[in-house]
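Order of appearance sets the numbers: ligands from 1, and atoms from 1 within every ligand.
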Amino acid sequence: MKFASSALSALSASALLLSGAGAIELNLDDPASIKKAAGVAAAGMRKLYTGDNPGDVPGNLPDPYYWWEAGAMFGAFIDYWYYTGDDQYNNITTQAMQHQIGQYNAFMPSNQSKSLGNDDQAFWGMAAMSAAENKLPDLPTTGDLAGPSWLALAQAVFNTQAGRWNDKTCGGGLNWQIYQFNNGYTYRNTISNGCYFNIAARLYKYTGNDTYSKEAIKTWNWESRIGLFDKDLHFYDGSDEGKNCTEINQIQWTYNLGVHLSGAAAMWNATQDEVWKTRITQMIKTMGDTFFRDDVMYEVACELNGKCNTDQRSFKAYLARWMGYTMLVAPFTKDLMWTKVRTSAAAAAKQCNAGSGSQCGLRWYNNGQNDGSTGVGEQMAAMEIIQNLLITNVSGPVTETKGGTSKSDPSAGGEAENDPIVFSEITTGDKAGAGFLTTVVLIGILAGAWWMVAN
Ligand SMILES: *[C@@H]1O[C@H](CO)[C@@H](O)[C@H](O)[C@H]1NC(C)=O
Ligand SMILES: *[C@@H]1O[C@H](CO)[C@@H](O)[C@H](O)[C@H]1NC(C)=O
Ligand SMILES: *[C@@H]1O[C@H](CO)[C@@H](O)[C@H](O)[C@H]1NC(C)=O
Ligand SMILES: *[C@@H]1O[C@H](CO)[C@@H](O)[C@H](O)[C@H]1NC(C)=O
Ligand SMILES: *[C@@H]1O[C@H](CO)[C@@H](O)[C@H](O)[C@H]1NC(C)=O
Ligand SMILES: *[C@@H]1O[C@H](CO)[C@@H](O)[C@H](O)[C@H]1NC(C)=O
């Protein structure tokens, strides 16, 4: 994930407001209407994907979208199929995921290395985890589309990240970037650690192997110790190892809470331990207080002031997705969240009325008017909150012993650990440039933080 300057993102968000034909019609109590509404949002998202065009690269979105958001989008398509039964995007999903596996079978394609974050890799890994949980047919073992099982791909992401646990400073944790020469390597961001927690918890629920639960608990405890979340479970953006993680960047994003909420729900499901139930209940309370107004979800750090960048415009999609997962695996949470899902879905559908059709905007509380911003993130967020209304129609993620078919490979991705990639193209000049850029990025983070708090 990248940091863009506030000014730039404000510019790109101020597209012309085109008053549209019609909103997405949605009857909250009619499964057929919900399915149709999710389908309209999905079709809008699919139109923005070009990777399956001849000569294009499967799995890549065009500019300005980064590689990770494509992984997030295919995760969204997997849930779309699971909730609605509409399989028309399964083939582009399978093709894209297979194409981006990379040489270590762990979603580390070498041509993404120059900016590959643990969070970026994890969004593809979580899509593979969803594929295993929802029983998307595995890749074939032979032919052009051959590849490991979905479960093995999620395990590979877990295994490669487990090897990156860094206790040289900060007492542990994952760095943001995978490779030391990348900008932002020293940052310990909450989303990278939260994704690792999430994958570990879901692998534990799926396989019952307690190696995974130990890693999930270790990560949660480390984040707590450093202060990446506080006692009321407000989740902050991250910290830097330069000061041994003693200072916290306190911006709050929807997806940081969501990734922990669903991981905690998986842990509760697998253990039924009250400690997770208490945390989940508190997270839902903090979620409501922080990210909802009149039960409508919003991105508090940047939505009101119009400063959400391209990445940030997709974050609500993941909180929505993880609320759905949470209600499925920790059913006691449904009463706590259902009104928020319904109210947000209704508000989201109503403002999908830009352009000539039903394009969705960023602000769901905008009086039923698209706010002038459209794109993959906006489509995905609306689609995910709407399709969550169908959770009552599905039975929830499978496990190895209860319905699962994706084959386990506990040592997947292992070859990546002892085989560091050598980048001949990184010259001393590039490194100096990267150091300089890091400084600029960090100043940008601090300035951005101030701006967001001050406005
Ligand atoms: C996916 O299926 C559609 C409809 O059957 C077809 O037109 C398209 O070429 C397929 N795409 C891929 C990537 O297989
Ligand atoms: C990246 O690598 C893949 C192979 O993993 C290749 O097919 C693709 O064309 C490369 N280029 C881009 C821009 O992704
Ligand atoms: C850095 O932080 C860790 C975890 O909080 C702590 O255990 C360690 O002693 C600190 N190191 C220094 C040099 O302060
Ligand atoms: C755990 O999750 C599954 C779905 O994956 C669900 O069917 C089951 O009821 C959940 N267990 C509990 C105790 O709620
Ligand atoms: C969802 O379940 C309801 C009632 O159980 C059923 O009538 C409806 O057809 C289902 N809808 C979908 C989209 O599966
Ligand atoms: C559990 O996972 C660990 C770590 O991947 C692996 O070494 C071990 O073999 C697994 N155990 C089983 C029973 O699969």
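- The salt bridge (Lys or Arg N to Asp or Glu O under 4.0 Å) test applied to Lys243 returns Glu247, not counting sequence neighbours.
- Ring pair Trp253/Phe315 is perpendicular by interplanar angle, where above 60° counts as perpendicular and below 30° as parallel.
- The aromatic rings of Trp124 and Phe74 are tilted relative to each other, their planes meeting at an angle between 30° and 60°.
- We find that Lys285 and Asp289 are joined by a salt bridge, their nearest charged nitrogen and carboxylate oxygen being less than 4.0 Å apart.
- In this structure, a donor-acceptor pair under 3.5 Å is absent between the side chains of Asn221 and Arg225.
- Counting only residues at least two apart or in different chains, ring-ring contact (aromatic ring centres under 6.0 Å, His included) contacts with residues 268-288 comprise Phe197-Trp276, Trp220-Trp276, Trp268-Phe332.
- Taking the six-membered ring for Trp, Tyr212 and Tyr204 have ring centres at least 6.0 Å apart.
- Counting heavy atoms under 4.0 Å from ligand 4, residue Phe332 does not touch it at all.
- Those atoms of ligand 4 that come under 4.0 Å of a heavy atom in Pro331, given as number and element, are 14 (O).
- Per-residue contacts place Gln272 under 4.0 angstrom from the following atoms of ligand 4 (heavy atoms of the residue considered): 13 (C).
- Under a 4.0 Å criterion applied to the non-hydrogen atoms of Asn269, ligand 4 contributes the atoms 1 (C), 2 (O), 3 (C), 8 (C), 10 (C), 11 (N), 12 (C).
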Provide, line by line, the atom pairs where ligand 3 and the protein bring an N/O atom each to a distance under 3.5 Å; else say none.
unit_1	atom_1	unit_2	atom_2	d
ligand 3	2 (O)	Asn244	OD1	3.3
ligand 3	2 (O)	Asn244	ND2	2.5
ligand 3	11 (N)	Asn244	ND2	2.8
ligand 3	14 (O)	Asn244	ND2	3.2

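- Close approach to Lys205 involves these atoms of ligand 4, each under 4.0 Å from a residue heavy atom: 1 (C), 2 (O), 3 (C), 4 (C), 5 (O).
- Residues passing the side-chain hydrogen bond (donor to acceptor under 3.5 Å, both in side chains) test with Arg279: none are found, sequence neighbours excluded.
- Shown in contact with Asn209 at under 4.0 Å from a heavy atom are these atoms of ligand 6, numbered in order with element: 1 (C), 2 (O), 3 (C), 8 (C), 10 (C), 11 (N), 12 (C), 14 (O).
- Close to ligand 4: Trp268, with a non-hydrogen atom less than 4.0 angstrom away.
- Ring centroid separation for the pair Phe158 and Tyr196 comes in under the 6.0 Å cut-off.
- The shortest N or O to N or O distance between Leu328 and ligand 4 is not under 3.5 Å.
- Atom NZ of Lys350 is surrounded by 12 or fewer heavy atoms from other residues, nucleotides or ligands within 6.0 Å.
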